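Take a look at the structure below.
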Amino acid sequence: MRGRSDVRALLLALLLAGAVDARAGQACQDKPLSPGEVIRSMNLAQRTVQALESSGARVALVSRAGQDLSRYKVRYSHMGIVVRDHPQGRWTVVHELNDCGTAASGLYYEGMGNFFLTDLYRYEAQLIIPGSALQDRLAALFATRTPLRMHTPRYNMLAYVYSTQYQNSNQWVLENLAAASAPPGDVATREEAQAWLKGLRYQPPTLEIPATVRLGARMFRANVAFDDHPFDRRMAGQIDTVTTEAVRQLVRAVDPQMKTVVID
């Protein structure tokens with residue numbers, strides 16, 4: 001995966017070559033980030049870390065705006081879970097990334113600078129800071145192999161919320177939240193996470209996607225599929241997938257102590 005070395009190496013590449021190639025999580029293109037874009041991304045990363053430091057959190061959810069999804073009433077396109085290894089330690093973002101527009105994904109563990117070193121649509125971030133109890137459960141979860149078991153490499157940008165056939169990046173966050181929120185030992189797999197969510201009668205906001213858009217996306221994008229969605233809802237253009245707002249909705253439902261911070 002190009003453009004995913006650490007922040008120092010990226011800045012060195014900027015000085016040497018005048019640009020940084022940051023492509024993970026999107027279709028691979030030949031357009032590198034400009035020096036100005038790198039500086040703005042790094043400034044946003046620094047402000048996000050400062051907000052985390054001020055919050056006193058040890059675990060949070062961080063979102064970026066990588067594309068314009070306003071037509072679907074979605075402000076942030078991509079979310080990860082950010083964890084601090086000890087009270088004075090560094091912040092690590094753990095997130096699922098689509099591999100350059102293919103039908104595959106991987107899990108990445110990286111610093112906040114790398115998380116924002118991509119072709120951002122808007123230089124704005126959102127932090128969802130759970131209450132201390134849910135933070136503790138998430139920290140304990142990430143000391144196990146459950147987050148790895150929750151990952152399915154068959155990527156679909158519009159994966160159905162209640163299918164394990166595919167997965168999108170925000171769905172991985174949602175299912176790990178389910179594992180952390182459920183009673184200990186109840187959720188260790190994707191199937192168990194989805195069963196727990198069904199028990200809550202959880203329903204993400206539905207995206208209205210007409211047939212012409214669905215057909216074009218399915219024909220020309222390897223990372224989009226609709227065959228995991230219920231036939232009747234799919235034909236009606238009702239796509240129940242997991243967005244960043246859908247994850248925020250779940251945190252709000254299970255954790256009244258949660259807080260949202262916007263960094264712009």
Side-chain angles (χ1 to χ4, degrees), residues 48 51-52 55-65 69-70 72-83 93-96 124-142 144 146-147 149-152 156-164 166-208 228-230 233 238-263:
T48 303
L52 282 167
S55 73
R58 63 178 298 204
V59 181
L61 311 181
V62 58
S63 297
R64 68 190 184 201
L69 298 176
S70 58
Y72 304 114
K73 299 180 181 178
V74 175
R75 189 165 183 85
Y76 304 98
S77 59
H78 180 73
M79 177 181 282
I81 300 175
V82 57
V83 182
V93 183
V94 189
H95 56 142
E96 176 183 305
E124 179 181 302
Q126 177 185 260
L127 289 172
I128 296 174
I129 302 173
S132 58
L134 183 52
Q135 285 188 48
D136 288 345
R137 293 197 295 271
L138 281 166
L141 183 77
F142 274 79
T144 72
T146 297
R149 287 195 298 269
M150 288 291 180
H151 175 235
T152 293
N156 176 10
M157 185 184 296
L158 295 170
Y160 180 52
V161 61
Y162 287 124
S163 172
T164 59
Y166 308 110
Q167 188 176 54
N168 75 21
S169 55
N170 301 317
Q171 189 175 18
W172 177 82
V173 175
L174 181 83
E175 291 169 357
N176 277 283
L177 277 168
S181 302
D186 279 12
V187 174
T189 66
R190 293 193 66 199
E191 291 83 356
E192 291 170 346
Q194 292 182 12
W196 185 82
L197 290 165
K198 284 181 179 178
L200 287 185
R201 297 185 178 180
Y202 171 80
Q203 179 65 29
T206 298
L207 304 186
E208 301 290 340
D228 55 335
H229 288 260
R233 291 187 64 76
Q238 298 176 322
I239 304 302
D240 302 311
T241 193
V242 182
T243 63
T244 57
E245 181 55 33
V247 178
R248 182 171 178 267
Q249 181 188 74
L250 176 67
V251 180
R252 190 166 52 232
V254 301
D255 185 6
Q257 304 301 317
M258 67 87 76
K259 297 179 181 178
T260 302
V261 177
V262 174
I263 300 97

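The structure displayed is predicted, hence computed values, not measured ones.
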Check: Tyr72 and Pro205 side chains under 4.5 Å, non-hydrogen atoms:
no
Return the minimal non-hydrogen interatomic distance between Leu138 and Ala180, and the atom names on each side.
CD2-CB, 3.6 Å
For a 4.5 angstrom cut-off between non-hydrogen side-chain atoms, does Tyr202 reach Gln249?
yes
Would you mind reporting whether Leu61 and Leu177 have side-chain heavy atoms less than 4.5 Å apart?
yes
Counting only N and O atoms by type, is there a donor-acceptor contact under 3.5 Å from the side chain of Ser63 to the main-chain atoms of Tyr76?
no
Side chain Arg137, main chain Ser181, donor-acceptor under 3.5 Å
no
Separation between CG of Asn156 and CG of Asn168, rounded to the nearest 0.5 Å
7.5 Å
Trp172 and side-chain contact (heavy atoms from CB on, under 4.5 Å): which single residue from Val242, Val247, Ile81, Thr152 fits?
Ile81
Inter-residue atom distance Leu52.CG - Leu127.CG, 0.5 Å rounding
4.5 Å
Would you say the side-chain atoms of His229 pair up with the backbone N or O of Leu158, donor to acceptor, closer than 3.5 Å?
yes
Can you tell if the side chain of Val94 reaches within under 4.5 Å of the side chain of Asn176, non-hydrogen atoms only?
no
Quick one: CZ on Arg75 to OG1 on Thr244, what's the gap to the nearest 0.5 Å?
10.5 Å
Gly80 versus Val173, closest heavy-atom pair with distance:
CA-CG2, 4.3 Å
Does Gln171 reach the main-chain N or O of Tyr160 with its side chain, forming a donor-acceptor pair under 3.5 Å?
yes
Short side-chain to backbone donor-acceptor contact, Gln135 and Pro130, under 3.5 Å
yes
To the nearest 0.5 Å, what is the distance between OG1 (Thr241) and CD (Gln238)?
14.0 Å
Taking Glu175 as the fixed residue, which of Arg149, His151, Gln167 is the one that meets the side-chain hydrogen bond (donor to acceptor under 3.5 Å, both in side chains) rule?
Gln167
Do the side chains of Asp240 and Tyr162 get nearer than 4.5 Å, heavy atoms only?
no
Least distance between heavy atoms, Thr164 atom then Arg190 atom:
O-NH1, 3.3 Å
Nearest 0.5 Å, what's the CG-CG distance between Leu174 and Leu197?
5.0 Å
If you look only at distance, which donor and acceptor atoms sit under 3.5 Å apart when one is on a side chain in residues 251-263 and the other is two or more places apart or in another chain?
| unit_1 | atom_1 | unit_2 | atom_2 | d |
| --- | --- | --- | --- | --- |
| Asp255 | OD1 | Gln257 | N | 3.0 |
| Asp255 | OD2 | Gly131 | N | 2.6 |
| Thr260 | OG1 | Arg248 | NE | 3.1 |

For Ala193 and Met150 the tightest heavy-atom approach is CB-CE, 4.1 Å
Which atom names give the shortest non-hydrogen contact between Ser77 and Asn170, and what distance separates them?
O-ND2, 3.3 Å
Nearest atoms (heavy-atom pairs only) where Thr144 meets Leu141:
OG1-O, 2.6 Å
